Asker: 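My questions will all concern the structure given below.
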2 protein chains.
Amino acid sequence: MRKFNDSLPLRLLKAREAAMAFFRPLLQEIPLTEQQWRVIRALNEFEELESKQLAELCCILSPSLTGIINRLEQQGYIKRRKSPEDQRRILISLTDKAKTMFAQMSPRLEARYQEMTDRFSHEDMKTLEELLNKLCNVKP
Amino acid sequence: MRKFNDSLPLRLLKAREAAMAFFRPLLQEIPLTEQQWRVIRALNEFEELESKQLAELCCILSPSLTGIINRLEQQGYIKRRKSPEDQRRILISLTDKAKTMFAQMSPRLEARYQEMTDRFSHEDMKTLEELLNKLCNVKP
DNA sequence: AGACATTCGTTAATACATTAATAAAATGAC
DNA sequence: GTCATTTTATTAATGTATTAACGAATGTCT
């Protein structure tokens, strides 16, 4: 059988840890968790989203998202309202506080991203991203 | 700023999900969680390991590992003993039950791995693994 | 030997992941 | 229009992630 360290899922896990090491310290200053930032980042780009769309985009399952949304609301970063057409749906968007915080954080995080890419290799990074996209479309 | 879906950590997360989709169904038959299988897989290869070594290998933090070890022991898959030289260290190894289970599962999982590689591309898989290794060595 | 810091495993507290089950709203067949 | 079905969000239960703090065992220094 394949050696333990040659497992693709383990490699993906380790690689993700290595990448997150660039960003985690900045998020901890706020403080925000990795998942909270993913949610805020998605809402910054799409303005207002349904809970289900948000879960899909952020790769977070609905039950987890329920908790994340609650905590973000308590911290004053998001607001929620019910959809007028469909009373089941919850529409979520950023508060001004979140938008301000995002505006201050994003350039710092982007700089870290650049630093990571520089130390890795722009060319290889592009290749890696393409291969990861390809892997995402491989289904059992 | 970079588009939401172009984030490397998110791509790594999605790619890992896509890969795990090949193996999860088999593990659920036992049932075993992803982390439990990682621990068992490591112990199968290294016979007996200290808790700290196991954590390092499996990319699991000590506090998480404590719980995982406890549950695996209750299920009869592992046994633990104190190191004679250093009473702080815990030595962990597989039970016969675990070895039998592993022998039955590993060829099935390996077959899935092969299937995944086939559908992806052997050549690209090799490139991907090398790039992931390289990324692991990039530190802030 | 005795004070000191280190190391290893664990516990505590909070946040998230995963599956199953539930309640409420909307949809579709009749 | 009524009822079974489907969809959406939540709750429940268990397992894991992360940080801080703790206690016991070892190592170090004087």
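Below, chains carry the letters A, B, ... as their sequence lines are ordered, and counting in each starts from 1. Here the structure is a predicted model, which is why all the values come from computation and not from measurement.
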Asker: Is any side-chain N of the basic residue among B:Arg88 and B:Glu50 closer than 4.0 Å to the acidic one's carboxylate O?
Answerer: no

Asker: Looking at the side chain of B:Ser64, which of C:dT10, D:dA17, C:dC16 is the nearest nucleotide?
Answerer: D:dA17

Asker: Output yes when B:Glu29 and B:Arg108 qualify as a salt bridge under the 4.0 Å nitrogen-oxygen rule, no when they do not.
Answerer: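 Looking at B:Glu29 and B:Arg108, the cut-off is met.
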
Asker: Side chain of B:Pro63: nearest nucleotide among C:dT19, D:dA17, D:dA20?
Answerer: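 So the side chain of B:Pro63 is nearest to D:dA20.
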
Asker: Please classify the nucleic acid contact of B:Gln36 as base, sugar-phosphate, or nothing, using heavy-atom distances under 4.0 Å.
Answerer: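 The answer is sugar-phosphate, as B:Gln36 gets under 4.0 Å only of primed atoms, P, OP1 or OP2.
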
Asker: Touch check for A:Ile60, heavy atoms < 4.0 angstrom, all strands: base, sugar-phosphate only, or nothing?
Answerer: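 Sugar-phosphate only.
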
Asker: Given C:dT11, D:dT18, C:dT19, which nucleotide is nearest the side-chain atoms of B:Arg24?
Answerer: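 For the B:Arg24 side chain, the nearest candidate turns out to be C:dT19.
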
Asker: Are side-chain N/O atoms of A:Asn137 and B:Arg119 paired as donor and acceptor at under 3.5 Å?
Answerer: no

Asker: Starting from the 5' end of DNA chain C, give me the residue, A:Leu65 or A:Asp86, whose nearest nucleotide shows up first.
Answerer: A:Leu65

Asker: Judged by each residue's nearest nucleotide on DNA chain D, which is more toward the 5′ side, A:Gln53 or B:Arg88?
Answerer: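 Result: A:Gln53.
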
Asker: Of the nucleotides C:dA25, D:dA9, D:dT18, which one has an atom closest to the side chain of A:Lys52?
Answerer: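 Selected nucleotide: D:dA9.
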
Asker: Any carboxylate oxygen within less than 4.0 angstrom of a Lys/Arg side-chain nitrogen, looking at A:Glu73 and A:Arg80?
Answerer: yes

Asker: Could you tell me the separation between the CD atom of A:Glu34 and the P atom of D:dA17, rounded to a whole number of Å?
Answerer: 12 Å

Asker: Here's a test of your reading of the structure: between A:Arg71 and B:Ile90, which maps to the more 5' nucleotide of DNA chain C?
Answerer: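 This one resolves to B:Ile90.
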
Asker: Tell me which nucleotide among C:dA20, C:dC16, D:dG15 gets nearest to the side chain of B:Thr33.
Answerer: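 Selected nucleotide (nearest to the side chain): D:dG15.
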
Asker: Identify which nucleotide among C:dT18, D:dA9, C:dT10 has an atom closest to any side-chain atom of A:Glu50, counting heavy atoms from C-beta outward.
Answerer: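 Nucleotide nearest to A:Glu50's side chain: D:dA9.
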
Asker: Taking the basic N atoms (NZ, or NE/NH1/NH2) and the acidic carboxylate oxygens, is any pair closer than 4.0 Å for B:Arg11 and A:Glu130?
Answerer: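 Between A:Glu130 and B:Arg11 there is no salt bridge, as every charged N stays at least 4.0 Å from the carboxylate O atoms.
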
Asker: Counting any heavy atom closer than 4.0 Å, what does B:Ile68 reach on the DNA or RNA strands: base, sugar-phosphate only, or nothing?
Answerer: sugar-phosphate

Asker: Nearest to the side chain of B:Ser51, which nucleotide is it out of C:dT10, D:dA9, C:dC16?
Answerer: C:dT10

Asker: Taking CD from A:Gln28 and P from C:dA15, how many angstroms apart are they, rounded to a whole number?
Answerer: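 Distance check: A:Gln28 CD to C:dA15 P gives 14 Å.
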
